[in-house]
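Quick notes on the structure that follows.
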Amino acid sequence: MKIFELKNRFFEQLSGIYPKEELGSFFNLLVEAWLGLKRIDLALRRDEVVAEEKLLRFEKAITRLKEYEPVQHIIGQTDFFGLQFKVDKSVLIPRPETEELVNWILNEAGKFPKILDIGTGSGCIAVNLAKKLPRAEVAALDISRSALEIAKFNAENNKVEIEFIQADVLKMESLKQEFDIIVSNPPYVRSLEKQKMQPNVLKFEPEMALYVADENPLIFYSKITKLAKNSLKPGGKLYFEINQYLAPETQKLVQNHHFKTELKKDIFGNFRMLKGIKN
Ligand code: GLN
């Protein structure tokens with residue numbers, strides 16, 4: 001089978017399930033990962049024959065995509081802000097909105113910041129900060145041992161040093177160290193918002209990293225802000241990714257702990273980030 005025939009088959013098999021643009025991006029990602037071809041090469045080499053064992057991989061990918069398995073799981077890794085991250089069912093797949101949060105921090109961090117990432121998951125925030133702020137001291141915390149395994153792999157793979165801590169932030173009394181920056185993308189999707197989620201998220205991403213109870217959706221923000229109040233240095237900064245539908249409430253909560261705050265929209269125009277500066 002030639003590359004263009006494979007592409008036709010891929011689209012034929014999956015077009016009832018995914019929009020065309022999404023299929024195009026899945027196919028490009030798979031071709032890059034398994035055939036080593038960039039998008040531009042694809043058009044130029046459309047008549048090349050694809051080896052039998054490679055075809056088999058694509059067939060398996062089609063089957064898995066029909067079950068809504070994320071393409072990032074099928075490939076086993078994903079790009080986040082220019083770095084590669086291993087991902088599996090134990091971590092949230094890094095989202096483009098979170099790149100904007102990292103970028104915000106990068107633009108404002110001093111030269112030698114001491115940083116803590118709470119709920120690190122794949123480590124995408126912590127590893128990016130450590131890589132792009134080579135003189136920073138970065139620690140990252142998560143409740144999940146399997147997530148921390150992935151995050152450690154990602155730190156090593158990207159050649160950065162991070163101190164990893166296994167802990168349940170909701171049970172922590174204090175942080176034991178002082179920081180210039182605390183960042184977190186905690187679970188913030190309310191159960192009532194679950195119906196809006198795609199099947200790939202619902203079936204394959206860790207509930208623990210995503211959902212909070214409808215009655216107490218800001219539980220992580222409240223706890224982390226309290227911890228930050230005691231552990232940030234004066235002038236230290238707290239950065240959150242937030243639930244767009246709860247932006248005013250989240251801002252108020254952080255202000256109530258005497259932080260100066262700033263909300264920021266993501267590329268989709270939703271309030272997605274919040275900064276608190278400690279007085
Ligand atoms: N933005 C993510 C989503 O909608 C949620 C991330 C989170 O809960 N921290 O899938």
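One-based numbering, in listed order, for ligands and for the atoms of each.
Every residue two or more places apart in sequence or in another chain that forms a ring-ring contact (aromatic ring centres under 6.0 Å, His included) with Y18 is listed here: F26. In this view, E108 and K275 satisfy the salt bridge (charged side-chain N to carboxylate O under 4.0 Å, His left out) rule, not counting sequence neighbours. In terms of the ring-ring contact (aromatic ring centres under 6.0 Å, His included) criterion, Y188 has no residue partners (sequence neighbours excluded).
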Give me the pairs of N or O atoms, one from ligand 1 and one from the protein, that sit under 3.5 Å apart.
| unit_1 | atom_1 | unit_2 | atom_2 | d |
| --- | --- | --- | --- | --- |
| ligand 1 | 1 (N) | Y188 | OH | 2.9 |
| ligand 1 | 8 (O) | Y188 | N | 3.2 |
| ligand 1 | 8 (O) | L210 | O | 3.4 |
| ligand 1 | 9 (N) | N185 | OD1 | 2.8 |
| ligand 1 | 9 (N) | P186 | O | 2.7 |
| ligand 1 | 10 (O) | R95 | NE | 3.2 |
| ligand 1 | 10 (O) | R95 | NH2 | 2.6 |

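Cation-pi geometry between K132 and F81 is satisfied (NZ or CZ under 6.0 Å from the ring centre, within 45° of the ring normal). F153 carries K86 over the face of its six-membered ring, with the cationic atom under 6.0 Å from the centre and within 45° of the normal. In this structure, K278 forms no cation-pi arrangement with F259, as its terminal cationic atom is not both closer than 6.0 Å to the ring centre and no more than 45° off the ring axis.
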